[in-house]
Undergrad: 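Let me give you the structure first, and then I'll get to my questions.
Note that ligands are numbered from 1 as they come in the structure, with each ligand's atoms numbered from 1 the same way.
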Amino acid sequence: MELYLDSANIQEIRHVASLGIISGVTTNPSLLAKEDPTVDARSRILEIYESVGGHLSVEVISTDTDGMLREADDILTWFPDATIKIPMIPAGLAAVKELSRQEVPTNVTLIFTPTQALAANNAGATYVSIFLGRLDDISADGIQAAREVCEIWEAQALESLVIAASIRNPLHIIECAKAGADIATVPYKVLMQSLKHPLTDAGVESFLNDHRKMMDAKQKIGA
Ligand code: G3P
């Protein structure tokens with residue numbers, strides 16, 4: 001399962017990119033606004049792309065098909081490698097259908113059920129993003145929704161790539177990988193948390209201590 005970073009924070013993106021563990025970035029209007037409401041979205045997106053390369057989803061804000069297609073055209077003039085992120089609403093499906101005809105990659109976002117995912121796939125989406133965490137937030141079962149989508153994808157050999165999104169903790173990453181999601185897009189904090197284990201830190205510390213002891217002993221005998 002590939003990992004993307006779900007962020008518009010350039011420091012976070014550069015840090016995680018330097019670790020070599022992500023192959024793309026997803027953004028949305030809320031993530032861009034969280035960084036700096038006055039940020040020029042266009043230059044921030046290009047800056048992100050220069051830092052990571054790979055997949056970068058850029059979301060439209062129109063809610064009608066023509067508006068979404070106009071925005072997609074505009075985004076592609078300044079960022080031809082963009083994956084256009086489209087909300088899972090009927091007008092969005094029509095936009096996905098047209099963009100798919102033009103062979104423009106799309107990521108259908110705000111998917112909460114397998115039937116929404118299926119519709120997005122059938123409209124021609126390149127990626128379908130299942131929002132696990134927001135389901136958990138309302139006491140529904142986000143992991144179960146992701147499992148059902150992956151089971152259907154396997155049974156039907158569907159083409160869209162499944163992105164597990166709205167990830168809240170490392171367990172979400174593990175369960176989505178087990179279920180067969182193609183990608184998990186993960187916030188910085190959760191991604192860094194998923195790399196840590198107290199036994200790893202304790203092990204590094206004790207190796208360093210033992211190495212230091214060995215060096216001291218050698219120094220004492222002049223070796
Ligand atoms: O990629 C989906 C993500 O940006 C939404 O996450 O944490 O706002 O539910 P969240």
Undergrad: Do any nitrogen or oxygen atoms of ligand 1 lie under 3.5 Å from a protein nitrogen or oxygen, and which ones?
TA:
unit_1, atom_1, unit_2, atom_2, d
ligand 1, 1 (O), D6, OD1, 3.2
ligand 1, 1 (O), D6, OD2, 3.0
ligand 1, 4 (O), D6, OD1, 3.4
ligand 1, 4 (O), D6, OD2, 2.7
ligand 1, 4 (O), N28, ND2, 2.8
ligand 1, 7 (O), R168, NH1, 2.7
ligand 1, 8 (O), R134, NH2, 2.7
ligand 1, 9 (O), R134, NE, 2.7
ligand 1, 9 (O), S166, OG, 2.7
ligand 1, 9 (O), R168, NH1, 3.3
ligand 1, 9 (O), R168, NH2, 3.2

Undergrad: Output yes when a side-chain donor or acceptor of E71 lies under 3.5 Å from a complementary backbone atom of I61, and no otherwise.
TA: yes

Undergrad: Within this structure, what is the CD1-CG distance for the pair I111 and L132, rounded to the nearest 0.5 Å?
TA: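 Those atoms lie 12.0 Å apart.
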
Undergrad: May I ask you to decide whether R147 forms a salt bridge with D141, counting only side-chain N to carboxylate O separations under 4.0 Å?
TA: no

Undergrad: How are the rings of Y4 and H55 set to each other: parallel, tilted or perpendicular (split at 30° and 60°)?
TA: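 Geometry flag for H55 against Y4: parallel rings.
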
Undergrad: Among all residues two or more places apart in sequence or in another chain, which pass the side chain to side chain contact (heavy atoms under 4.5 Å, CB included) test with E47?
TA: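 Counting only residues at least two positions away or on another chain, E47 forms a side chain to side chain contact (heavy atoms under 4.5 Å, CB included) with I10, R14, R44.
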
Undergrad: Between the side chain of T65 and the main-chain N/O of A94, is any donor-acceptor distance below 3.5 Å?
TA: no

